Amino acid sequence: MTTISYRDEGIKLYSTGTGLINQIVSKENIIAQNMKTRIDDQSKPQTMIQEKYTKRYQNLKVAEALSNNHLYPFACNELSSIIDLGYSQLPKDLKAFIFRDCLSAFRLLPDMNTSAAVSAANLLVKSVESAFPKQKKNLAIVEFKQAKVALKRRTKGHDEHIDLPSLPQDILVHIFSFLDVYSLLSSSQVSRSWNQATSEGSLWRSLFDLHFSHKVSIHIHPGFDWREAFKNEYILYKSSKMLRSGRGYCSYCDSVVWHDNLRCPKKQCRLKSGKKPLDLMLTHQVVNYLLGTTSSSDESDSEDEAVRGLWAYPTLQ
Amino acid sequence: MSEADMAIIKPEMMMKSYIWLETTDGSIQQVEQEIAMYCPMICHEVLQKGLGAGSSKNCAISLPQRVNPAMLSLILDYCRFHQVPGRSNKERKVHDEKFIRMDTKRLCELASAADSLQLKPLVDLSSRALARIIEGKTPEEIREIFHLPDDLTEFIFYQEEKLEPLKNLMDDPRIRLLNRLYAKKRKELKEREKLKGKEVEERVDERSVDDLLSFINGKDHKVVKTSKSKKKNKKRKEHKNKVSHNLHSKQQGVQIVDETASSVGGVSNLPSMEDDIFSLKTDSEDGYVDDGMDPVLKEMLDREVEDFARRLNSSWVLSSGQERQPVHFSINGNGATRRLTAIDD
């Protein structure tokens, strides 16, 4: 097949050097392309394909993220994107997995007591409504409505006025040192003492180092405000867009992971990578990885060359 | 006394040496030495004060204020597990994860107590647990969980009591500057109010006109914690014409409010922007970015204005009619301050 030789060229052109994932993805692409032209074919190779898709989905660990308080909104958004971008293309058992995860997302909603979770779930419902077949859609919506009722019931009984001891400033700073940018900014608006604690320069310095040190070199002078510096770089690099997915690619374990403040959650990878953060990924890139497609429907791929190298294999006409 | 006797009589107890620890509420506990020594602070106390310290009820080691008896027993449980050298890392991890499962209040107490005893691993453990709780929540949600009062906005409101534009008979540039700052401050407070939502706006301003007038005329400055939005609107109407800068800044204020209102909750509400991802709108993204940083900017501006206002106010009150001392401001090298001093020119 001519496609195979072209594929080899593709690997040379676009591989980033390391990464088994390159080879896997490019090989999958051949199969995926074939699959597209023979959608109704139920022959044996296709079940193998289905298993690979399913395995890829399981490696994404969306289901695990749903039970995590912090990752729940990210996981819901990813599910929405997957459904929006390619539900019809998915093999049968992967569709079943997605359906199952949507149901568990709604079931877990009452436990997630945040407004972010609620809006993420709302978005998911919208995707479900537009893409799912009738029966599944109705089941999912029922689940969602039950979740909303449970949520309302929960928020009613929360009027205990316990007096919490106030935490000393250095403990607060220590706690904040574990937080990501958004949580830190939220914390700064909580109360006066927390606000004071968040203005601690060392916090913003480490965040700056984490996010930007490999891109930017700065000159420090006495009276240098790390928070200002961080803010400037943040706006410059449009970080909010990249951070929106919660996803990154770790070249050490060669997988798409939920990043823990820009680091791979696996300890060995963190040790190996030292100060270097993960390559962040946009949601649609994750979806492309899952579906084995390329999508040009995004605004700007150009942000991360390394990530692009993974996904930008040539499309075959 | 009887315990000391018993210590001599029972040889088994002679093998293990005990330390006496006293918490601030006066209760004294007897603890195996090796467990207590796991805490650096206790260790230092023993070493510093010599072998006599903590050896009997009378000279018990007094623990810092933040350690109450409940926390002490928790910490000692922790020490008891960890000071055994033979445990594997995995065992320790499993124990820690079970150990840390408690309500937020106890976690806070535990973190304080561990910090005062300088037990760093426990401080780390409890801090991480608290960080995990805080992650991904909006300020309102965090306040709910930790039962923290919103004294940030209250503090600003208190300052706002003094945010009336001052009569500028001599056309003193400092007064001009202060009035401008007050105007900016009011505008910011209004934005903050809008961000907060319906709750505040529904409250009705119950103060009479007389109250307001007397306040404006510079009588007793009372801290009134009723709704501020209506009051601000009234004041703004009265003083609208006084400062021309006001109009311009208000326009800007409205613009910023629109942007921030488009992504409610601002900072940590990432998924709400997902709607725009596939519709390729860069505007809302920029608005989102501003939103993420605007709170920071606002905080910085707030503090600058508060400082400035406080200083000017105090010098005002102290020397009414007399020659005023020039007020010095500490410039900490950030953009907000630079901007403020620019207005001065």
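Every value quoted in this text rests on a predicted model; they were computed, and no experiment measured them. Each chain gets a letter, A, B and so on, in the order the sequences are listed, and its residues count up from 1. Values below: every heavy atom of this structure, side chains too, minus hydrogens, waters and symmetry copies.
Counting only residues at least two apart or in different chains, ring pair (Phe, Tyr, Trp, His ring centres under 6.0 Å) contacts with residues 106-127 of chain B are absent.
A/Phe176 touches chain B through its side chain: at least one heavy atom from C-beta onward sits under 4.5 Å away, while N, CA, C and O do not. At a 4.5 Å heavy-atom cutoff, the contact between B/Arg66 and chain A is made by side-chain atoms alone.
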Which pairs of donor and acceptor atoms, one on a side chain in residues 120-127 of chain B, lie under 3.5 Å apart (sequence neighbours left out)?
residue  : atom : partner  : partner atom : Å
B/Asp124 : OD1  : A/His174 : NE2          : 2.5
B/Ser126 : OG   : B/Leu122 : O            : 2.7
B/Ser126 : OG   : B/Val123 : O            : 3.2
B/Ser127 : OG   : B/Val123 : O            : 2.7

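Ranked by non-hydrogen atom pairs under 4.5 Å with chain B, the options A/Asn69, A/Leu71, A/Thr114, A/Asn68 are led by A/Thr114.
A side-chain contact (heavy atoms from CB on, under 4.5 Å) with B/Met41 holds for exactly one of B/Asp115, B/Leu117, B/Leu119, B/Val67; it is B/Leu117.
Taking the six-membered ring for Trp, A/Phe212 and A/Phe230 have ring centres closer than 6.0 Å.
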